[in-house]
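Bear in mind the structure is a predicted one, so any value in this text is a computation, not a measurement. Counting convention: from 1, in listed order, for ligands and their atoms alike.
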Amino acid sequence: MSKVVRKAVVPAAGLGTRFLPATKATPKEMLPVVDKPAIQYVVEEAVAAGLEDVLFITGRSKRPLEDHFDRNFELEEALERKGDDERLVLVTEPTELARIHYVRQGDPLGLGHAVLVAENHVGDEPFAVLLGDDLIDPRDPILPRMMQVRDQHGGSVICLMEVPAESISLYGCAAVEVTGEDDVVLVTDLVEKPEVAQAPSSYAVIGRYLLDPAVFDVLRNTAPGRGGEIQLTDALRVLATMPAEAGGGVRGVVFGGRRYDTGDRLSYLQANIMLAAEREDLGPDLRAWLREYVANLS
Ligand code: UTP
């Protein structure tokens with residue numbers, strides 16, 4: 001049951017409407033967080049967990065994505081001529097990170113549909129899905145723990161985070177049962193963006209998944225749900241009720257580390273400030289300026 005997870009799928013074909021006009025010709029995953037596109041953090045996280053085969057699900061504006069992970073000889077030569085080795089490393093790094101593949105989603109019919117598009121590449125293996133909206137601090141990796149849980153129990157593993165009750169309606173929410181392990185719960189059901197009073201728990205689903213290949217059959221039979229989109233959450237609900245022999249079972253690993261939400265504008269701005277304020281190069285000056293700026297805010 002416990003085939004090793006080797007491949008990462010990174011959906012980047014959404015319309016990114018919350019970030020228009022920035023995302024008119026650029027995927028939202030390419031927006032910089034401090035000085036790196038969000039998607040590079042995600043690929044680095046996958047590679048750090050041993051997933052060196054990365055499949056991007058791309059949409060209509062895939063060019064910037066492909067270019068970022070490809071060589072740029074003109075830029076490299078210019079930096080070489082200047083002897084700017086530090087920046088040369090920054091330019092070549094993304095090209096050497098992983099074996100990167102691309103597949104087009106065609107119509108952005110939802111996250112579940114984007115995952116289904118990965119089927120040919122993934123085959124009959126468990127695989128990881130990482131969303132660029134959730135930036136997990138490299139100091140608090142969660143994929144290795146999720147992989148352990150998948151090794152022990154098979155099935156699929158999702159990542160959960162406890163959020164204040166009033167925020168739960170912004171997320172998918174999991175109904176859970178405790179297990180013998182503090183940081184692991186059995187997921188019995190999922191509700192997309194519930195009203196506070198209807199939320200079955202305070203566990204929000206965040207954008208890291210280890211999926212059993214059984215998800216593909218389920219997704220093929222998943223009708224469009226919330227927002228008319230084929231939702232991964234709906235497929236996970238089905239997997240949660242399926243027997244283990246059929247690839248069913250969903251467990252949640254509770255994440256208690258640092259995570260930044262880059263999916264909406266306010267959280268994106270906060271993520272940039274928080275990450276930059278903690279950096280050695282930018283942090284001291286930014287923190288000093290922030291203190292003064294905030295003190296003078298009326
Ligand atoms: P979101 O719903 O957050 O992305 O999907 P979106 O639709 O681009 O965002 P808004 O609400 O319009 O601003 C979560 C992830 O799934 C991908 C997105 O690119 C994002 O990484 N996605 C979503 C796809 O790849 N295809 C889809 O059809 C939908």
Side-chain angles (χ1 to χ4, degrees), residues 7-33 36-46 54-66 68-69 100-122 127-136 158-159 161 163 167 169-173 190-193 204-211 215-216 219-220 222-236 259-271:
K7 294 176 182 170
V9 172
V10 181
L15 293 176
T17 52
R18 284 169 294 169
F19 266 104
L20 284 169
T23 47
K24 184 179 171 191
T26 305
K28 132 176 112 172
E29 291 75 9
M30 280 300 293
L31 296 181
V33 177
K36 258 196 298 199
I39 203 153
Q40 188 176 333
Y41 291 87
V42 166
V43 174
E44 287 169 353
E45 181 191 341
V54 177
L55 175 72
F56 289 134
I57 314 295
T58 62
R60 75 238 174 280
S61 45
K62 67 166 183 169
R63 201 44 211 280
L65 245 171
E66 287 193 343
H68 184 71
F69 289 97
I100 296 195
H101 311 267
Y102 300 88
V103 61
R104 286 255 194 178
Q105 188 183 2
D107 283 332
L109 300 178
L111 176 58
H113 180 256
V115 170
L116 186 54
V117 166
E119 182 176 17
N120 258 345
H121 181 84
V122 167
F127 61 103
V129 174
L130 292 86
L131 304 188
D133 285 7
D134 282 308
L135 223 148
I136 304 277
I158 62 176
C159 185
M161 201 181 65
V163 298
S167 315
S169 44
L170 300 171
Y171 297 90
C173 175
L190 291 146
V191 196
E192 193 59 37
K193 303 191 171 77
V205 179
I206 60 173
R208 299 293 178 273
Y209 311 81
L210 297 185
L211 299 176
V215 73
F216 293 127
L219 280 169
R220 243 188 302 282
T222 301
R226 200 187 163 89
E229 296 193 338
I230 298 175
Q231 298 283 356
L232 182 59
T233 306
D234 291 338
L236 285 165
R259 168 239 176 210
Y260 312 94
D261 179 357
T262 58
D264 82 355
R265 289 171 302 172
L266 180 61
S267 306
Y268 171 80
L269 292 170
Q270 289 165 337

S.K.: Among all the protein's non-hydrogen atoms, which is closest to atom 11 (O) of ligand 1, and how far away is it?
M.R.: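 It is Arg18 NE, 3.0 Å.
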S.K.: Does ligand 1 have any atom sitting under 4.0 Å from a heavy atom of Gly263?
M.R.: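 For ligand 1, residue contact (heavy atoms, under 4.0 Å) with Gly263 is absent.
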S.K.: Among Gly110, Ala38, Pro27, Gly16, whose heavy atom sits nearest atom 29 (C) of ligand 1?
M.R.: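 It is Gly110 whose heavy atom sits nearest to atom 29 (C) of ligand 1.
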S.K.: Is Ile57 close to ligand 1, meaning an N/O of one under 3.5 Å from an N/O of the other?
M.R.: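 By distance alone, the answer is no.
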S.K.: Could you identify the single nearest non-hydrogen protein atom to atom 17 (C) of ligand 1 and state the distance to 0.1 Å?
M.R.: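 Of every protein heavy atom, Pro11 CB, 3.8 Å lies nearest to atom 17 (C) of ligand 1.
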S.K.: Side chain, backbone, both or neither: which part of Glu29 comes within less than 4.0 Å of ligand 1 when only heavy atoms are counted?
M.R.: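 Contact part for Glu29 vs ligand 1: side chain (C-beta onward).
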S.K.: Return a yes/no value: protein heavy atom under 4.0 Å from atom 5 (O) of ligand 1?
M.R.: no
S.K.: So for Leu111, does at least one of its heavy atoms come nearer than 4.0 angstrom to any atom of ligand 1?
M.R.: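 Heavy atoms of Leu111 do come under 4.0 Å of ligand 1.
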S.K.: Please work out, at 4.0 Å between heavy atoms, whether the side chain, the backbone, both, or neither of Thr17 comes within that distance of ligand 1.
M.R.: both
S.K.: Can you confirm whether something in the protein, heavy atoms only, sits under 4.0 Å from atom 2 (O) of ligand 1?
M.R.: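 Given the 4.0 Å cut-off, atom 2 (O) of ligand 1 does not count as touching protein heavy atoms.
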S.K.: What is the closest protein heavy atom to atom 25 (O) of ligand 1, and at what distance does it sit?
M.R.: Ala13 N, 2.9 Å
S.K.: Should you measure from each heavy atom of Pro108, which atoms of ligand 1 turn up under 4.0 Å away?
M.R.: 28 (O)
S.K.: Distance to 0.1 Å, residue and atom name: give those for the protein heavy atom nearest to atom 9 (O) of ligand 1.
M.R.: Lys28 NZ, 3.2 Å
S.K.: Considering both backbone and side-chain atoms of Phe19, is one of its nitrogen or oxygen atoms within less than 3.5 Å of a nitrogen or oxygen in ligand 1?
M.R.: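 Such a contact does not occur with ligand 1.
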S.K.: With side chains defined as the heavy atoms from C-beta onward, is the minimum distance between Leu211 and Val115 less than 4.5 Å?
M.R.: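 Contact flag for Leu211/Val115 side chains = yes.
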S.K.: Using a 4.0 Å heavy-atom cut-off, which part of Ala114 comes near ligand 1: side chain, backbone, both, or neither?
M.R.: side chain
S.K.: Tell me which protein heavy atom sits closest to atom 7 (O) of ligand 1, plus the residue, atom name and distance to 0.1 Å.
M.R.: Leu15 N, 3.9 Å
S.K.: In the protein, what heavy atom is nearest to atom 26 (N) of ligand 1, and what distance, to one decimal place, separates them?
M.R.: Gln105 OE1, 2.7 Å
S.K.: Between the side chain of Gln105 and the main-chain N/O of Val117, is any donor-acceptor distance below 3.5 Å?
M.R.: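 Not confirmed, Gln105 side chain does not pair with Val117 backbone.
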S.K.: Contact between Tyr209 and Val9 at the side-chain level, heavy atoms closer than 4.5 Å - yes or no?
M.R.: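 Side chain of Tyr209 against side chain of Val9, heavy atoms only: no contact under 4.5 Å found.
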S.K.: Could you see which bit of Leu109 sits under 4.0 Å from ligand 1, with heavy atoms only: side chain, backbone, both or neither?
M.R.: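 For Leu109, only backbone atoms sit under 4.0 Å from ligand 1.
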S.K.: Is Gly14 close to ligand 1, meaning an N/O of one under 3.5 Å from an N/O of the other?
M.R.: yes
S.K.: Do you know which two heavy atoms are closest between Val122 and Lys7, and how far apart they sit?
M.R.: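 So the two residues come closest at O-NZ, 3.6 Å.
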S.K.: Would you mind finding which of Leu20, Val117, Asp107, Leu131 brings a heavy atom closest to atom 14 (C) of ligand 1?
M.R.: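 The residue whose heavy atom sits nearest atom 14 (C) of ligand 1 is Leu131.
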S.K.: At under 4.0 Å between heavy atoms, which part of His113 makes contact with ligand 1: side chain, backbone, both or neither?
M.R.: neither
S.K.: Under 3.5 Å, which donor-acceptor pairs link side chains of residues 14-23 to any protein atom two or more places apart or in another chain?
M.R.:
residue : atom : partner : partner atom : Å
Arg18   : NH1  : Gly263  : O            : 3.4
Thr23   : OG1  : Gly16   : O            : 2.7
Thr23   : OG1  : Phe19   : O            : 3.4
Thr23   : OG1  : Leu20   : N            : 3.4

S.K.: State, yes or no, whether a side-chain contact exists between Thr262 and Leu31 at a heavy-atom distance under 4.5 Å.
M.R.: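 No, side chains not in contact.
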S.K.: Spell out, as yes or no, whether a donor-acceptor pair under 3.5 Å connects the side chain of Arg104 to the backbone of Lys62.
M.R.: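 Pair absent, no side-chain N/O of Arg104 close to backbone of Lys62.
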